[in-house]
Amino acid sequence: MSEATLPATAAAPARRLSPALLRAIGGLVILLLWEAIVRAFAPAYVAKPSGVIAVIPKVITDRQFLDATWITLAAVAEGLVIAVAFGTVIGLVMGRSQAVERALRHYVNGFYAMPMIVILPLVTLWFGYTSAARLATIVFAAIFSIVTNVADGAKAVPKDYLEVARSFRAGRLRTLVEIVMPAATPYFLAGFRLAAGRALIGAVVAEFFAAIPGLGYFILFNSRTFHHNEAFVGVLLLAAFGVGCEVLVSSGTKHLLPWYRREGR
Amino acid sequence: MASPATNSALSAAIARHGPFVLSLAAGVALWEIVGRHTSPAFMVPFSETMERLWALVSTTQFLWQAVDSATLFITGLALAIVIGAPLGLLFARFTSVRIAVEPYVMILYATPMVALIPFILSMMGFGFAPKVLVVFLFSVFPVIYNTVEGGRSIKPELIEVAQSFRSSEWALWREVMVPYTLPYTMTGVRQAIGRALVGMVAAEFFLSSTGVGQVIMTASQNFDTGAVFAVILLISLLGVALMRLGRAIENYFAKWRQ
């Protein structure tokens with residue numbers, strides 16, 4: 001029975017394994033390498049795959065962990081809402097008005113290029129070692145990528161559309177809402193993807209720096225007390241959040257904006 | 001936008017740089033005014049920040065701290081490029097290896113590396129090596145990720161043609177792999193430069209406090225807002241300069257991109 005099916009199936013995969021299988025093998029090799037290296041060279045407390053898997057059930061039912069995760073993600077969401085609200089408005093104005101663009105462009109670029117981590121000492125001077133400091137860091141981390149991308153998007157509106165709007169005597173607000181904003185949406189989403197990643201980093205560094213309770217502090221506390229496996233579950237969650245945002249935005253772009261194609265893909 | 005004067009070089013220069021100079025002057029003026037009317041613990045005026053900056057920069061201690069930071073930055077970034085680019089090429093050369101590792105490189109690229117700093121601290125302590133590792137981890141994944149992406153852009157026909165002409169493996173790398181992936185690698189290098197700067201400051205904040213990071217930390221612990229502003233300004237300017245440099249490098253190699 002197996003003799004009959006074997007040659008037919010074995011011929012193709014012998015040359016090329018299916019991508020899913022290759023990825024599974026790749027993942028397995030990475031995990032095994034990690035496990036082997038830690039077992040061979042590192043002290044027992046160092047995180048290794050078997051250890052992390054073993055503590056996952058305990059950690060994800062732990063009240064402290066759940067609270068910490070909730071606090072951090074809620075702060076990231078709050079910061080992103082603020083950053084999106086202000087960033088979109090500033091970006092739209094910059095994109096549509098050359099005077100404003102010229103006045104602000106260098107500042108926005110400067111703040112965007114600035115390693116956001118350097119503002120932590122200043123933020124703690126201003127807001128103390130509180131969750132307000134974390135929120136400020138998140139907003140600062142996130143807002144400039146939204147501003148630059150929305151401004152680029154608002155600038156990239158095809159001239160023909162604007163001319164048509166003008167010849168039909170569309171008001172400024174209407175032009176903005178019905179022509180500029182849809183055209184800028186893909187740029188906004190690209191900016192949002194960057195912003196979400198940066199916001200998450202902002203939250204974690206603020207928690208490290210100011211010892212504010214949250215997921216970052218959970219990681220810090222557990223690794224300081226040599227509970228590396230437990231701490232690593234927090235890192236996994238952060239990675240999942242980062243990758244999740246990436247996937248959400250790219251699938252959102254594909255489904256909501258089917259007319260938009262990124263060049264070169 | 002068009003000046004009424006004829007196209008003299010001067011009016012062109014004013015039209016080009018005028019708005020920038022004007023917005024810079026407005027920003028400085030705003031900073032000065034706000035700084036003078038708020039508590040000095042909150043914000044110090046521009047003039048005072050400049051004084052503090054000058055006082056800081058002219059000490060030899062600061063010079064050594066800057067050298068410290070630069071050494072850390074350059075070592076970590078250089079390691080990331082020297083290790084990341086060949087590794088990315090190796091992944092890109094063999095399609096099955098590329099498919100096998102690509103999702104994991106992407107995940108690591110998207111993972112906030114700062115989260116690993118506490119682990120590095122408790123495993124490796126406070127030396128120079130753990131800090132280099134932090135800068136390396138911050139900057140290596142953009143290099144690998146973009147190089148692998150570049151490998152994707154190589155048409156399989158090119159490699160097939162090369163092989164049917166009995167090209168040696170070495171020639172294949174030299175003539176096909178490297179030229180085709182280099183522009184992508186340089187995009188990675190540009191991203192890596194920015195990340196390495198963040199990694200440098202993060203390492204100096206969260207591991208042993210040294211270099212420029214230490215200067216800010218000390219200033220903030222002493223409630224010396226002027227010095228905090230001064231160093232932040234300095235690092236921001238450095239960030240902008242490095243971003244420009246990264247873009248220049250990227251554009252130089254982008255010419256190769258078809």
J.: Please flag which part of Leu238(B) lies under 4.5 Å from any non-hydrogen atom of chain A: side chain, backbone, both or neither.
T.: neither

J.: Would you mind checking which part of Val240(B) comes under 4.5 Å of any heavy atom in chain A, side chain (CB onward), backbone (N, CA, C, O), both or neither?
T.: both

J.: Taking every non-hydrogen pair under 4.5 Å, which of Phe226(A), Phe111(A), Phe209(A) racks up the most with chain B?
T.: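 Most pairs with chain B among the choices: Phe209(A).
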
J.: Counting heavy-atom pairs under 4.5 Å to chain A, which of Ala26(B), Ala110(B), Gly239(B), Ala115(B) comes out on top?
T.: Ala115(B)

J.: Which heavy atom in Phe205(B) sits nearest to a heavy atom in Pro121(A), and how many Å separate them?
T.: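 For Phe205(B) and Pro121(A), the tightest heavy-atom pair comes out as CZ-CG, 3.7 Å.
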
J.: What are the two closest non-hydrogen atoms of Phe208(A) and Pro118(B), and how far apart are they?
T.: CZ-CG, 3.4 Å

J.: Any chance you could measure Arg244(B), atom CZ, to Asn109(A), atom CG, to the nearest 0.5 Å?
T.: 8.0 Å

J.: When only heavy atoms count and the cut-off is under 4.5 Å, which of residues 23-32 of chain A reach chain B?
T.: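 Hits under 4.5 Å: Arg23(A), Ala24(A), Gly26(A), Gly27(A), Ile30(A).
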
J.: Answer whether the closest heavy-atom distance between the side chains of Ile235(B) and Pro115(A) falls below 4.5 Å.
T.: yes

J.: Which answer fits Leu120(A), side chain, backbone, both or neither, if we ask what part of it has an atom under 4.5 Å from a heavy atom of chain B?
T.: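 Answer is side chain: those atoms of Leu120(A) sit under 4.5 Å from chain B.
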
J.: Rounded to the nearest 0.5 Å, what separation is found between the CD1 atom of Ile219(A) and the CD1 atom of Ile117(B)?
T.: 11.0 Å

J.: Using every non-hydrogen atom in the two residues, find where Leu125(A) and Phe223(B) come nearest and quote the distance to one decimal.
T.: CD2-CD2, 3.3 Å

J.: Identify the two heavy atoms, one from Met243(B) and one from Ala113(A), that lie closest to each other, and give their separation to 0.1 Å.
T.: SD-CB, 3.7 Å

J.: Taking Ser220(B), Ser236(B), Ser122(B) one by one, which has the highest count of heavy-atom pairs under 4.5 Å against chain A?
T.: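 Looking at each option in turn, the highest pair count goes to Ser122(B).
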
J.: Any idea which of Met123(B), Met113(B), Met217(B), Arg195(B) has the most non-hydrogen atom pairs under 4.5 angstrom with chain A?
T.: Met123(B)

J.: Would you say Ile232(B) and Met114(A) make side-chain contact, with heavy atoms under 4.5 Å?
T.: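 Yes, their side chains come closer than 4.5 Å.
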
J.: Table please: side-chain donor-acceptor pairs of residues 229-241 of chain A below 3.5 Å, with sequence neighbours left out.
T.:
{"unit_1": "Asn229(A)", "atom_1": "OD1", "unit_2": "Lys48(A)", "atom_2": "N", "d": "3.3"}
{"unit_1": "Glu230(A)", "atom_1": "OE2", "unit_2": "Lys58(A)", "atom_2": "NZ", "d": "3.3"}

J.: Please classify the contact of Tyr104(B) with chain A as side chain, backbone, both or neither, using a heavy-atom distance under 4.5 Å.
T.: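 For Tyr104(B), side-chain heavy atoms alone lie under 4.5 Å from chain A.
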
J.: Heavy-atom count around Phe94(B) CZ within 6.0 Å, excluding the residue itself: above 12?
T.: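 Yes, enclosed.
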
J.: Tell me, do Phe119(B) and Leu220(A) make a side-chain contact under 4.5 Å, heavy atoms counted?
T.: no

J.: Do any pairs count as a side chain to side chain donor-acceptor pair (under 3.5 Å) and have a residue in residues 199-210 of chain A, sequence neighbours left out, and if so which ones?
T.: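 Residue pairs passing side chain to side chain donor-acceptor pair (under 3.5 Å), neighbours aside: Thr72(A)-Glu207(A), Arg134(A)-Glu207(A).
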
J.: Where does His228(A) contact chain B at under 4.5 Å (heavy atoms): side chain, backbone, both or neither?
T.: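 Both backbone and side chain.
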
J.: Just how far is it from atom CD1 of Ile117(A) to atom CZ of Phe206(B), taken to the nearest 0.5 Å?
T.: 4.5 Å

J.: Tell me, for Val204(A) versus chain B, whether the close heavy atoms (under 4.5 Å) come from the side chain, the backbone, both or neither.
T.: side chain

J.: Pull out the residues in residues 39-47 of chain A that come under 4.5 Å of chain B, heavy atom to heavy atom, sorted by number.
T.: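 Expected list: Tyr45(A), Val46(A).
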
J.: Pick one of side chain, backbone, both or neither for Tyr112(A), based on which atoms fall under 4.5 Å of a heavy atom in chain B.
T.: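 When you check distances to chain B, no heavy atom of Tyr112(A) falls under 4.5 Å.
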
J.: Taking atom CD of Gln163(B) as the centre, does the number of heavy atoms from other residues, nucleotides or ligands within less than 6.0 Å exceed 12?
T.: yes

